Amino acid sequence: MSTGRPALADATRGRVLFGGDYNPEQWPEEVWQEDVRLMREAGVNSVTVGVFSWSRLEPQPGERDFGWLDRLMDLLHDHEIGVVLATPTASPPPWMGRLHPDTLPRDADGHVERWGGRQHFSHSSATYRRYAAAITEDLAARYGGHPALTLWHINNEYCTYDHGDEAAAAFRRWLRERYGTLDSLNEAWGTAFWSQRYDTWDGILPPRRTHYLKNPAQVLDFRRFTSDMLLECFTAERDIVARHTPHIPVTTNFMPLWTGQDAWRWAEEEDVVSVDLYPDPRDPLARHHGALVQDMTRSQAHGPWMLMEQAAGAVNWRGVNHPKPRGLNRLWSLQAVARGADAICYFQWRQSRQGAEKFHSGMLGHAGEEGRTFQEVKQLGADLARLGPHVTGTAVTAEVAVLHDWHSWWAGDQEARPSTRFGLPDLLHAWHRALTEAHLTADFAHPEHDLSAYRAVFVPQLYLLTDAAVDNLLAYVHGGGHLVCGFHTGVADEDDRIRPGGMDARLRELFGIRVLHEWWPLETGESVTCEGFTGTLWSEEIEPADPDEAIPYRGGELDGLPAVLRRGRAWYLSTLPEPDALRSLLARIAAEAGVRPALDGLPAHVEAVRRGELLFLLNHGRDPVTVTVPGTHAELLTGAAVTGAITLERHGAAVLRP
Ligand code: GLA
């Protein structure tokens, strides 16, 4: 809905938005005064209010209590802090479930999810939608004209499922629209298998508990349906606020690489794309996870995006929750800016003393303003204030793209497949990491997007490809693009029907595959030897047809057969090369396509990203490191002049302007 709609730039106005979720309803009003004082001190210019305020705003059905929010909005405005105002619809008040059990979702076993936690709403419930629309309408009417309002935040991390009766009826309506006739549904779902043929729409259920394996096409459609239902909830609220405030942008926060929403489709409906990101500080690959999610979010936004939530320190939902070592919060925040974020925000401003998240860090932790976390937040606020005028609104340079599609993920990630030892995220991470370690910045794209702007396109795995996507990939290669596809790609069509030959015939021809005899998935920890490297997770028995280049398997059942195939500019990898080998192979292909790293000669732990005219250098290592940078630059965080080389401290960063 971007045309004619406001954008993130309308909220940032040349500053990086800096702040976080603010839940003042958890605190006496005297504390608010201290909050705004410390927010000012930390350079906070934006807070997200009201995400979980429904029971406060609507204590009884239809009642309204806006007094506290009036005072809060005024207070924030008086202190020049903008408000990202949330609709509170992610957590209905207890009275709703009690009075209207039809608003509660059911899992596949028929168990009801009740109040006492959050997100206990059925996306298909007419009652829920009616209450959600009413509170949204009243919020928009009351605060649409408030000068503190900068952005609307609808709901929070849409992520629920519902297998109940009202959802079942909605599923049938959705299917009727998709297929028109029962015959066509029966055909698409392959219901000739196991006597599943439907003779009436009323016989169709969400994929509830079954004795044995479920129909995979039914499961795929249920995932599509769920994403669409949640999107309907989003657009219904979006349309209400947009009617009141056509000039204020609207967002909803995605979870990172979350399976439940087709984020390509969703992003089209948002003015601002935002994401929540919580890499584990102890995970040695955390920075790669961050880079992946940031690149994906930027690509969905087609420009600047918003980091809606991150943790200033520890989270509370892992087995062991590690705080961030000194400097890491700043480093990861600057990584997000480097990769296109114009807003750096947290869950949450002040750490809670009660409730399920009392052990989750806040910008202002239990240690208070003298705590290290708050002190580091303050430093970051100052850094972002310096960067704002140079960075906001600028574009990240990416000459290569990684393809990803939720429908393929939904079809591929099911029971009863050749291997359940890994999932698509493992492959996305491995390939994206290889590119990042080669200092290549990648966009993400959908397989049906126009890819002509990219010199090389990488496909970790697209098990399901529509005919249009296959056409697109072929046109891309024929138009001069370099294409690299991972194993088990192009296997199924849009209905999850295996394509004749086990892979689309045109793709087989493109890669030089005469027969794809068998998939040979590997056990966890098992590897295959290939000439010059080892492969993991998977291997394939391929009879090649005239490839320009082939790297063979060595030893084992597949001895001599190709592990990697190239024909012209099209490459196929039938295993997952170990990280070093994948990195050098992808770097070689990118170089052949004319793509250069962001900076030559970089040490492994230093990340370099170009955004606009700026070069971001990020030291992910624990030791200081000196980086050679030809020419003379101004370093924007310190104001220093840099000629020839710069030393980055442990977890240090530099932002260079020519
Ligand atoms: C999510 C939610 C927040 C909070 C954080 C904790 O991102 O949106 O409300 O629960 O997780 O990490």
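Given the structure is predicted, the values throughout are model-derived calculations rather than measurements. Computed from heavy atoms alone, side chains included, the values below leave out hydrogens, waters and symmetry copies. Atoms within each ligand, like the ligands themselves, are counted from 1 in listed order.
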Element-labelled atoms of ligand 1 that are located less than 4.0 Å from some non-hydrogen atom of H360: 6 (C), 12 (O)

Just heavy atoms, cut-off under 4.0 Å: does R318 contact ligand 1 by side chain, backbone, both, or neither? neither

Would you mind checking which non-hydrogen protein atom is closest to atom 3 (C) of ligand 1, with the distance to 0.1 Å? E309 OE1, 3.3 Å

Output, in order, the C-alpha distance, side-chain angles, deciding distance and verdict of salt bridge (charged side-chain N to carboxylate O under 4.0 Å, His left out) for D228 and R265. CA-CA 9 Å; D228 284 359; R265 171 88 193 77; 5.1 Å; no

Using the salt bridge (Lys or Arg N to Asp or Glu O under 4.0 Å) criterion, which residues pair with D280? Sequence neighbours excluded. R318

For atom 9 (O) of ligand 1, closest protein heavy-atom neighbour: R118 NH1, 3.0 Å

Between E357 and ligand 1, does any nitrogen or oxygen pair lie at a separation below 3.5 Å? yes

Number the atoms of ligand 1 from 1 as they appear, then name those within less than 4.0 Å of a heavy atom of W317, with their elements. 6 (C), 12 (O)

Ligand-residue contact atoms, ligand 1 with N156, heavy atoms, under 4.0 Å: 2 (C), 8 (O), 9 (O)

Centroid-to-centroid, H429 to H288, below 6.0 Å? no

Does anything in residues 41-53 form a salt bridge (Lys or Arg N to Asp or Glu O under 4.0 Å)? List the pairs, not counting sequence neighbours. R37-E41, E41-K378

Has E80 got more than 12 heavy atoms of other residues, nucleotides or ligands less than 6.0 Å from its CD? no

List ligand 1 atoms under 4.0 Å from F52, heavy atoms only on the residue side. 9 (O)

Can you label the angle between the H446 ring and the W264 ring as parallel, tilted or perpendicular, going by 30° and 60°? perpendicular

